[in-house]
Amino acid sequence: MGMQRFAWWVLTLVAGVAWGCGSRSPLPPPAERLPGKWHGEMIVYEETQSRLPPEKVAELAKMQMDFEFHPDGSMALMGVHDGKAYTAQGRWQPVRQEGDVLVIKSIEQTGTEKDIQIEFDGSDTFYIPLNGRPAPDAEVAELGAMRFTRLR
């Protein structure tokens, strides 16, 4: 998805939240849409690409991962990073939700906890913004987002 389409998606999301989505049939709350198996691919924002070395942009663009969220609060993460496959188990719980935005607490097997913001686009797509430092001395910025599509 290009930056213009992503910006349009954000604008549509904001307008939908502000205007109550008009005639669309209401979707379940985000926490009820999350259970299932999801495949994620990285979207690197165009403005980020100009601030990062080409090899870093290529590395980010290759990121892919699968999440499986279960209604009982368990979750599994599978992915490949630097050519190495990895898997992790953990737990998730909703922290807050408003409109199509859900914040969950992710609890890894090691006990590490972090809040993750999930932005739904309908029932079968969601985005997780990726933040980081484009350069060691730079401010933290949004680098892009992982786009997840429902596999089941």
Side-chain angles (χ1 to χ4, degrees), residues 1-3 5-18 21 26-49 51-52 56-136 138-152:
M1 179 186 305
M3 188 60 200
R5 281 189 60 206
F6 184 76
W8 180 251
W9 172 80
V10 170
L11 181 62
T12 303
L13 175 66
V14 170
V17 169
C21 296
L27 292 168
E32 293 177 23
R33 290 183 250 169
L34 189 58
K37 187 166 186 171
W38 301 86
H39 176 70
E41 296 181 350
M42 184 65 196
I43 301 165
V44 182
Y45 298 151
E46 288 177 25
E47 62 268 17
T48 301
Q49 292 181 26
R51 292 185 276 159
L52 291 174
K56 185 66 175 173
V57 172
E59 178 187 330
L60 285 171
K62 285 193 273 183
M63 285 178 60
Q64 292 189 23
M65 62 179 63
D66 292 337
F67 264 119
E68 190 158 3
F69 294 95
H70 300 281
D72 69 359
S74 62
M75 68 177 185
L77 168 67
M78 291 91 26
V80 177
H81 183 67
D82 289 335
K84 297 179 189 129
Y86 61 89
T87 1
Q89 303 291 318
R91 309 252 342 131
W92 71 277
Q93 63 188 43
V95 173
R96 68 182 175 281
Q97 53 189 337
E98 184 176 329
D100 286 328
V101 177
L102 170 66
V103 176
I104 64 167
K105 180 172 295 301
S106 164
I107 307 157
E108 299 173 15
Q109 285 174 306
T110 60
T112 303
E113 296 184 13
K114 63 181 165 190
D115 286 355
I116 299 173
Q117 181 172 313
I118 295 171
E119 301 168 7
F120 274 91
D121 182 8
S123 294
D124 299 324
T125 304
F126 70 78
Y127 296 85
I128 297 177
L130 178 67
N131 300 313
R133 296 185 188 279
E139 299 270 330
V140 171
E142 280 199 7
L143 301 177
M146 288 292 291
R147 177 182 54 215
F148 288 86
T149 51
R150 186 183 299 276
L151 297 175
R152 65 169 198 259

Is the shortest side-chain heavy-atom distance between [X] and [Y] below 4.5 Å?
X: Gln117; Y: Val101; result: yes
X: Pro94; Y: Leu102; result: yes
X: Glu41; Y: Met65; result: no

For the rings on Phe67 and Phe148, is their centre-to-centre separation under 6.0 Å?
-> yes

Run the side-chain hydrogen bond (donor to acceptor under 3.5 Å, both in side chains) test against [X] and tell me which residues pass, sequence neighbours left out.
X: Gln93; answer: none
X: Thr87; answer: none
X: Glu68; answer: Arg152

Give every donor-acceptor pair under 3.5 Å between a side-chain atom in residues 69-77 and any protein atom, sequence neighbours left out.
residue: Asp72; atom: OD1; partner: Ser74; partner atom: N; Å: 2.9
residue: Asp72; atom: OD1; partner: Ser74; partner atom: OG; Å: 2.7

Considering residues at least two apart in sequence or located in another chain, which fulfil the salt bridge (Lys or Arg N to Asp or Glu O under 4.0 Å) criterion with Glu32?
-> none

Applying salt bridge (Lys or Arg N to Asp or Glu O under 4.0 Å), name anything that partners Lys105, two or more places apart in sequence or on another chain.
-> Glu113, Asp115

When every non-hydrogen atom of Ile104 is compared with those of Val95, the smallest separation belongs to C-CG2, 3.8 Å

Heavy-atom closest contact (His39 atom, Gln64 atom, distance) = CE1-OE1, 3.2 Å

Any residue meeting side-chain contact (heavy atoms from CB on, under 4.5 Å) with Arg150, in chain and number order, not counting sequence neighbours = Arg33, Trp38, Asp124

State the [atom1]-[atom2] distance between [X] and [Y], to the nearest 0.5 angstrom.
X: Ser123; Y: Leu34; atom1: OG; atom2: CG; result: 12.0 Å
X: Ile107; Y: Trp92; atom1: CD1; atom2: CH2; result: 11.5 Å
X: Lys37; Y: Asp66; atom1: NZ; atom2: CG; result: 5.5 Å
X: Arg147; Y: Asp121; atom1: CZ; atom2: CG; result: 10.0 Å

With distance as the sole test, does Gln97 use its side chain to make a donor-acceptor pair with the main-chain N or O of Ala31 at under 3.5 Å?
-> yes

Start with the C-alpha distance between Ile128 and Ile116, add both sets of side-chain angles, then the distance that settles side-chain contact (heavy atoms from CB on, under 4.5 Å), and finish with yes or no.
-> CA-CA 7 Å; Ile128 297 177; Ile116 299 173; 3.8 Å; yes

Decide side-chain contact (heavy atoms from CB on, under 4.5 Å) for Glu108 and Lys114; before the verdict, give the C-alpha distance in whole Å, the side-chain angles of both, and the deciding distance to 0.1 Å.
-> CA-CA 9 Å; Glu108 299 173 15; Lys114 63 181 165 190; 3.9 Å; yes

